[in-house]
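Right, one structure below, let's go through it.
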Amino acid sequence: MAKIFRLKKSSDSLGTKRIGYKIDYESVLNAAQYEAVMHNNGPALVIAGAGTGKTRTLIYRVARLIEDGIRPEAILLLTFTRKAASEMARRAAALLDGRCERVSGGTFHSFAMMILRKYAKSIGYEPSFTIIDRTDAEDTINLIRNSLKINKSKKRFPKKGTLNNIFSLSINRCDSVKETVEKEYPHFSDEIDSIEQIFGGYKEYKLKYNIMDYDDLLVNLLRILKENEKALLEINSKYKYIMVDEYQDTNRLQHELVLLLAGSRQNVIAVGDDAQSIYSFRGANFQNIMFFPESFDNCKIYKIEENYRSTQPILTVTNEIIDAAIYKYEKRLFTRRTDGETPILVSAANERQQSEFISQHVLKLREEDVQLSDIAILFRSGFHSFDLEIELNKLNIPYKKFGGIKFIETAHIKDLIAYMRILYNPRDSVSWQRALLLLDGVGPRTAFGIINMITDSDITINSHNKLSGKARGGDSIKELFAALSDINHRKYSVADKATHFAEYYKPLLKRKYDDWQKRWRDIDMFLSIAERYTSMASFLSDMALEPPVEAVAELEAESKEDEFLTLSTIHSAKGLEWQAVFLIWALEGKFPSAKSVESVDSVEEERRLFYVACTRAKDQLFITYPTNIYDRETGYVLSEVSRFVQGLDDEMLVRYVLVEDEE
């Protein structure tokens, strides 16, 4: 009788590296990148310095895994924008083939949304839950506070925005509300019981009306992974290789999720740069990347230090700045671009002089054929550029300042989204409240009564006969329900629904806003975005998780010229690069700020922020500071250059003092 050989089923697991790849990884990558790309099974941390090709490393590893026979769907790529994930998949496909575009990728929040749609019922939610934004969350928190009749006359009780910050920080840091108040808001310690009561009421309210806020996506995903063993097994069996980008920006909650998603295989690779951890105000935890290797067994560490962005003179300065950090992974960035201009430190007598120098030097660079779009002015805080903006306007230098209200946060766009959310989740009380209060004669009491009737199933979008036309606002209420019912009944596409809601809303917009024509341009943009979608769930998810950043008016340059200078906070500039960078207000007391010097951790984050600003420069770096500045907050005259560059010698950082031209 013949003997039997049993063939093992494919396990999506790598043993040895394959020989004979389509891509010649060793020749197209530097040695450090190649080592990281060829990492096989088990946990790994890739410390990739600024400008060292972090994204390139991830892209090539995706391609290499697929070349080794790993199914694309078994690879989970978590990034901090969905655009980054799709761009990586697209570039990997260009390297290899279309299989790379089937990689499972997205942000932590979009991934959580996808999992929750499938398993929401296990934690008491319906899969049709909707996401409320920060403003809606704050209004809901205020509603809970009022319903609990907590004394508003107390001078020291936190406002709705502060309450939302407390709740968000406690969630993202995996701390209790009590711990968060004691650490971050100790002046409200006497009100902890009331704050916890509001937090509990807020959670109950969201569950009752089938809504979640942004933080709930991660919290509820963690609940499912911890409480639903079947779901965890299914998810672990589907995603065999996990890659996480920008690990220095993860919070404690995201780190917990990574540990669970890694499962017993621990095939997780985290990529990031400890020197660029600058988002603690959002709950990001610097310790996640520092202690990542201790979270796993036999974790390998790869360091990528060859920089492809900046000249060596710029890197010499940035290396010195970050070398002084207390907590860090030791690394030294280098480049083959050994020539270049030495960075410059400019001392101005006052803020006006600083603004004049920058404006004049921008014009000088422009005359030297450096495009305005290749120049950026970076600053610690948004108000630091106010004086400079006046000077730029005076010289007719077109610029764009990054920041301001997001497109999705404008009132008129939020109104339209409320109608869409009501169709998708008829229990969405926040959206009902918004839609009803737009109507003439409808106040909070009337709106509250109608929402209760909807919750108790006395009325629905399609069955609203119990509504009285005699009450204040009765006719307009019936018109709203009729519009909702009509659009709900018809087999409209997402774009058609949005268009019909826009037409219904137009008279309300005209009555509410004097500048309604300008706002209608935003609505036109909203309608064109809706045309890209075939699913209401996808549309609403993207509006909540990956919204367009700016309003149409903000997308236009400050003048009619095609190119413009970039003005940006450093936080908004992370990940970008320019040929010439001006870092302004490098003044002790401003950068680092006076408040930050009270804490070692805060000063260290300010140092990393300074480092991020300087590493945006490719060819030229100018650091400026005004002296003899009276600071109203501290009562001191500020005159000393930032501690982050105080110890650098003149050969490394050339010092200039501005003087007025006598002519």
Side-chain angles (χ1 to χ4, degrees), residues 126 128-133 135-137 139-140 209-212 407-442 444 446-448 450-451 453-455 459-464 467 473-513 516 519-545 547-548 551:
E126 291 299 318
S128 61
F129 65 85
T130 42
I131 308 298
I132 57 175
D133 64 16
T135 306
D136 290 336
D139 290 343
T140 305
Y209 293 107
N210 201 35
I211 56 179
M212 295 186 197
F407 171 81
I408 207 70
E409 293 171 358
T410 54
H412 44 292
I413 298 300
K414 283 171 64 69
D415 291 342
L416 279 180
I417 288 177
Y419 299 136
M420 308 283 276
R421 280 174 24 186
I422 287 169
L423 279 194
Y424 186 70
N425 174 19
R427 282 164 53 192
D428 187 335
S429 61
V430 174
S431 294
W432 274 113
Q433 177 92 349
R434 186 172 194 95
L436 289 165
L437 291 180
L438 286 170
L439 307 177
D440 268 344
V442 176
T446 303
F448 183 69
I450 292 172
I451 291 169
M453 292 175 75
I454 293 166
T455 306
I459 56 173
T460 67
I461 291 172
N462 301 320
S463 175
H464 47 273
L467 288 171
D475 290 338
S476 61
I477 293 170
K478 283 193 168 184
E479 285 175 17
L480 169 63
F481 273 82
L484 287 164
S485 178
D486 181 59
I487 294 170
N488 192 43
H489 268 114
R490 297 180 186 274
K491 293 183 178 180
Y492 284 144
S493 65
V494 174
D496 287 340
K497 288 176 181 175
T499 301
H500 280 79
F501 277 131
E503 289 304 321
Y504 163 79
Y505 177 66
K506 196 169 189 176
L508 302 177
L509 181 77
K510 288 181 177 180
R511 190 182 72 243
K512 191 175 180 183
Y513 301 108
W516 71 270
R519 292 172 184 264
W520 189 255
R521 289 160 62 203
D522 285 348
I523 291 173
D524 276 338
M525 180 182 177
F526 177 79
L527 298 179
S528 68
I529 291 169
E531 289 175 359
R532 305 174 198 165
Y533 292 86
T534 57
S535 156
M536 182 73 89
S538 297
F539 175 71
L540 292 175
S541 294
D542 280 3
M543 289 299 100
L545 301 179

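Here, residue 1 is the first one in the sequence, and each next residue gets the next number.
- Aromatic ring pairs are classed by plane angle as parallel below 30°, tilted from 30° to 60° and perpendicular above 60°; the pair F501 and Y419 is parallel.
- Note: H500 and Y492 have parallel aromatic rings, judged against thresholds of 30 and 60 degrees for the angle between ring planes.
- Aromatic ring centroids of F526 and Y533 lie 6.0 Å or more apart.
- Atoms CD1 and OG1, from I523 and T499 in turn, are 11.0 Å apart once rounded to the nearest 0.5 Å.
- A donor-acceptor distance shorter than 3.5 angstrom exists from the side chain of N425 to the backbone of N210, with no hydrogens or angles considered.
- Between T455 atom OG1 and I451 atom CD1 the span is 7.0 Å, to the nearest 0.5 Å.
- More than 12 heavy atoms of other shown residues, nucleotides or ligands fall within 6.0 angstrom of atom OH in Y424.
- Salt bridge status for R421 with D136: present, with a side-chain N to carboxylate O gap under 4.0 Å.
- Panel note: side chain T410, backbone H412; no donor-acceptor pair is recorded below 3.5 Å.
- In terms of modelled atom types and a separation under 3.5 Å, the side chain of T446 and the main chain of V442 share no donor-acceptor contact.
- We find that D440 and R511 are joined by a salt bridge, their nearest charged nitrogen and carboxylate oxygen being less than 4.0 Å apart.
- Using modelled atom types, no side-chain atom of W432 and backbone atom of F448 make a donor-acceptor pair closer than 3.5 Å.
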